[in-house]
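Step one of this worksheet: look at the structure below.
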Amino acid sequence: MTYQQQIGTARQTIGGHATWGGIDAESVARMRLQNRFQTGLDIARYTAAIMRRDMAAYDADPAAYTQSLGCWHGFIGQQKIISIKKHFGTTDRRYLYLSGWMVAALRSEFGPLPDQSMHEKTSVPALIEELYTFLRQADARELSLLFRDLDKARESGNEVEAQRLTQAIDGHQTHVVPIIADIDAGFGNAEATYLLAKKMIEAGACALQIENQVSDEKQCGHQDGKVTVPHEDFLAKVRACRYAFLELGVDDGIIVTRTDSLGAGLTKQIAFSKEPGDIGDQYNAFLDCEEIDVGQVGNGDVVITREGKLLRPKRLPSNLFQFREGTGADRCVLDCITSLQNGADLLWIETEKPHIEQIASMVDRIREVVPNAKLVYNNSPSFNWTLNFRQQVFDAWAQAGKDVSAYDRARLMSVDYDGTPLADEADERIRTFQKDAAARAGIFHHLITLPTYHTAALSTDNLAKAYFGDEGMLGYVKGVQRREIREGIACVKHQNMSGSDIGDDHKEYFAGEAALKAGGVHNTMNQFAA
């Protein structure tokens with residue numbers, strides 16, 4: 001519905017009530033446009049459709065991959081999307097990522113926690129709601145600026161500018177984008193997963209990422225000690241998420257299944273198997289076992305049979321069972337295929353390094369069974385990108401017979417190598433990593449899980465060093481405010497960003513000329529008008 005149609009509809013509604021004469025139809029239209037999404041479910045349905053279109057576009061052309069950055073606060077997410085719109089003119093194919101790691105580290109009432117599902121499960125849907133509150137406020141703010149400019153154009157009699165601004169209002173692109181939200185390992189059994197999934201979807205999440213670790217001993221994907229669960233246990237949680245989507249009417253909601261099998265060498269239980277070759281039997285086939293006879297069965301031993309042989313899986317004092325070394329990639333491929341065959345839409349393979357051919361070697365095998373398999377990939381800050389890619393270039397050069405005698409592979413992180421041909425080639429590979437991996441390794445969505453955690457620390461360190469040192473106030477002015485002004489950072493007018501001008505608009509709607517507004521001539525934000 002266009003701006004003028006919104007005004008007409010509001011006028012008809014107001015006209016039907018004799019006592020509503022003090023309500024202005026155009027003001028109603030503006031408020032409606034500034035509040036496009038009434039509920040989180042409206043957002044989930046809208047953004048799910050976006051992701052489905054983007055997935056289809058990627059299938060047609062891998063150059064159409066998507067990206068996101070992890071955000072731990074609504075303001076961070078808002079500023080990210082405002083920045084994207086400022087620099088690129090559109091939010092197309094840009095999402096937000098909600099990291100369970102950052103929720104644990106930054107948003108738990110317990111204080112900073114490791115990524116082990118110890119934080120309050122309700123903090124995850126609360127952050128989703130917070131992110132969308134800030135994104136919707138960004139819409140209201142941007143439209144408010146357009147409305148104010150429209151009023152000025154009308155007052156000056158500039159009809160051409162008024163028409164341009166009306167078209168800009170009609171073509172306004174919302175800041176509301178898809179969020180891929182981390183539900184960890186489901187925070188309990190399948191029923192607990194279903195209940196949390198509902199809360200997350202109701203808050204606006206169109207995509208849930210769930211992993212195949214045990215929920216009560218969950219570990220960060222880049223730490224040791226990960227324990228996976230049998231396929232049927234995991235698939236029950238996948239189905240729980242799908243039921244939550246369908247119950248709430250988000251029929252095209254997205255489920256991202258993450259496997260930690262590449263780095264997880266342990267399982268908490270032996271899978272249930274009815275017959276040779278079923279999914280439970282395939283899972284158990286990876287167990288590290290020793291063949292025994294009946295007389296060797298000891299007290300408390302757990303034994304299984306396969307092909308007429310009696311096998312004793314190796315069990316640790318922790319009561320966990322061990323997989324055979326070197327089976328991680330095979331287990332990972334089986335996990336992925338099974339997930340896609342049982343309702344998953346996208347895959348997440350957690351690797352120990354950012355190596356395109358390693359990822360592609362597994363994706364190629366998955367696509368032999370599911371040709372349109374697509375990945376969400378964590379461009380993780382847990383990787384030392386500089387060292388990894390310098391080593392990759394070193395190894396490639398050595399294999400090609402190129403002289404690498406000027407480089408010490410063990411010291412490639414050293415600043416001594418900055419600016420060298422090897423370092424330059426490594427940086428170029430990092431720059432094109434997402435494009436190259438999208439084309440070669442089936443990666444539909446590239447994300448960085450924890451970037452704003454690190455940027456907050458780095459920028460605060462820079463400010464503290466300058467402000468508390470010899471620069472004093474110049475440390476803030478030169479390092480922050482002057483850069484905000486020069487680079488057009490919206491929140492330099494922090495009163496406007498927090499909603500002060502929107503509040504003034506409302507005061508004028510409600511009280512007319514009697515409104516006591518904050519944005520008058522004495523507001524110091526006017527110093528930033530130029």
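The model shown is predicted, which means the values in this text are computed figures rather than measured ones.
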Report the distance from atom CG of L346 to atom OG1 of T257, rounding to the nearest 0.5 Å. 8.0 Å
Side-chain contact test, heavy atoms from C-beta onward, threshold under 4.5 Å: evaluate it for K80 versus S83 and give yes or no. no
Can Y453 and H73 be said to form a ring pair (Phe, Tyr, Trp, His ring centres under 6.0 Å), step by step? CA-CA 10 Å; Y453 176 90; H73 191 279; over 10 Å; no
With side chain to side chain contact (heavy atoms under 4.5 Å, CB included) as the test, would you mind laying out the steps for L266 and T228 before giving the verdict? CA-CA 6 Å; L266 303 170; T228 63; over 6 Å; no
For residues 191-214, which residue pairs pass the ring-ring contact (aromatic ring centres under 6.0 Å, His included) check, not counting sequence neighbours? none
Flag for Y65-D54: side-chain donor and acceptor within less than 3.5 Å: no
Tell me which pairs pass ring-ring contact (aromatic ring centres under 6.0 Å, His included) where either residue lies in residues 334-366, with sequence neighbours left out. Y97-W348
When you check the gap from the basic side-chain N to the acidic O, do D59 and K374 get nearer than 4.0 Å? yes
Carboxylate-amine/guanidinium proximity below 4.0 Å for K121 and D184: no
Partner set under side-chain contact (heavy atoms from CB on, under 4.5 Å) for D345, not counting sequence neighbours: R52, M55, R242, I254, I255
I need the full list of side chain to side chain donor-acceptor pair (under 3.5 Å) pairs touching residues 170-179, with sequence neighbours left out, sorted by first then second residue. T90-Q173, T91-Q173, D92-Q173, D139-T174, D139-H175, E142-H172
Let me confirm one number: the SG-CD1 distance from C71 to I179, rounded to the nearest 0.5 Å. 8.5 Å
Rounded to the nearest 0.5 Å, what separates atom CD1 in I82 from atom CD1 in I489? 10.0 Å
For D364, side-chain contact (heavy atoms from CB on, under 4.5 Å) partners two or more places apart: R440
When you check the gap from the basic side-chain N to the acidic O, do E350 and R258 get nearer than 4.0 Å? yes
Identify the two heavy atoms, one from S108 and one from L113, that lie closest to each other, and give their separation to 0.1 Å. OG-CD1, 3.4 Å
Assess whether salt bridge (charged side-chain N to carboxylate O under 4.0 Å, His left out) is satisfied between E247 and K198, documenting all intermediate values. CA-CA 9 Å; E247 177 184 341; K198 280 183 62 177; 3.0 Å; yes
Reported OH-to-CG distance for the pair Y132 and L135, which is rounded to 0.5 angstrom: 7.0 Å
Do R53 and Y58 form a cation-pi contact, if we require the NZ or CZ to be under 6.0 Å from the six-membered ring centre and within 45 degrees of the ring's axis? no
Can you sort out the partners of E291 under side-chain contact (heavy atoms from CB on, under 4.5 Å), two or more places apart, ordered by chain and number? K309, L311
Pair R324 + D288: basic N to acidic O under 4.0 Å: no
What are the two closest heavy atoms between C241 and T193, and how far apart are they? SG-CG2, 3.9 Å
Report, as yes or no, whether the 6.0 Å neighbourhood of atom CD on E325 holds more than 12 heavy atoms from other residues, nucleotides or ligands. no
State plainly whether the residues D418 and R390 are in salt-bridge range, i.e. N to O under 4.0 Å. yes
May I have the step-by-step check of side chain to side chain contact (heavy atoms under 4.5 Å, CB included) for Q78 and M497, ending in yes or no? CA-CA 10 Å; Q78 178 198 64; M497 183 58 65; 3.6 Å; yes
Looking at D281 and K274, is there a salt bridge between them, counting it only when a charged N and a carboxylate O are closer than 4.0 Å? no
Residues which pass salt bridge (charged side-chain N to carboxylate O under 4.0 Å, His left out) with R315, listed by chain and number, not counting sequence neighbours: none
For G70 versus T452, what's the shortest heavy-atom pair and its separation? O-OG1, 2.8 Å
For the CD1 atom of I180 and the OG atom of S68, what is their distance to the nearest 0.5 Å? 5.5 Å
Under 4.5 Å between any side-chain heavy atoms of L347 and T259, yes or no? no
Of the options I349, T351, L447, which is the one that meets Y377 in a side-chain contact (heavy atoms from CB on, under 4.5 Å)? T351
Check P230 against T267 and note the closest heavy-atom contact, atom names and distance. CD-OG1, 4.4 Å
Hey, are R107 and E130 close enough for a salt bridge, meaning a charged N less than 4.0 Å from a carboxylate O? yes
Excluding sequence neighbours, so at least two apart, what forms side-chain contact (heavy atoms from CB on, under 4.5 Å) with R45? L41, D42, V250
May I ask you to decide if A140's main-chain N or O and Q34's side chain share a donor-acceptor pair within less than 3.5 Å? yes
What one should report as the nearest heavy-atom pair of A185 and Q213 is CB-O, 3.4 Å
Could you label the plane-to-plane angle of the Y417 and Y407 rings as parallel, tilted or perpendicular, counting under 30° as parallel and over 60° as perpendicular? tilted
Whether over 12 other heavy atoms sit under 6.0 Å from E129 CD: no
What are the two closest non-hydrogen atoms of L131 and G74, and how far apart are they? CD2-CA, 3.8 Å
Can you list the steps and then say if I210 with F234 is a side chain to side chain contact (heavy atoms under 4.5 Å, CB included)? CA-CA 9 Å; I210 186 167; F234 183 56; 4.1 Å; yes
About how many Å separate CZ of R331 and CE of M362, when rounded to the nearest 0.5 Å? 11.5 Å
Please enumerate all residues that pass salt bridge (charged side-chain N to carboxylate O under 4.0 Å, His left out) together with R367, with sequence neighbours excluded. none
Quick one: does F134's side chain get under 4.5 Å of Q79's, heavy atoms only? no
Under the side chain to side chain donor-acceptor pair (under 3.5 Å) test against Q67, which residue among H446, Q434, H445 passes? Q434
Under 3.5 Å donor-acceptor, N284 side chain and A271 backbone: yes
If you apply the rule side chain to side chain contact (heavy atoms under 4.5 Å, CB included), what do you find for Q322 with L287, and how did you get there? CA-CA 6 Å; Q322 188 170 295; L287 291 170; over 6 Å; no
Who pairs with E428 by salt bridge (charged side-chain N to carboxylate O under 4.0 Å, His left out), at least two apart in sequence or on another chain? R431
Not counting sequence neighbours, list each pair that qualifies as a ring-ring contact (aromatic ring centres under 6.0 Å, His included) and has a residue in residues 271-291. H231-Y283, Y283-F323
Is it the case that the side chain of W385 and the backbone of S380 share a donor-acceptor pair, with hydrogens and angles ignored and the cut-off at 3.5 Å? yes
A quick test of your reading: do over 12 heavy atoms of other residues, nucleotides or ligands sit less than 6.0 Å from CD of E109? no
Run the side chain to side chain donor-acceptor pair (under 3.5 Å) test against D278 and tell me which residues pass, sequence neighbours left out. S273
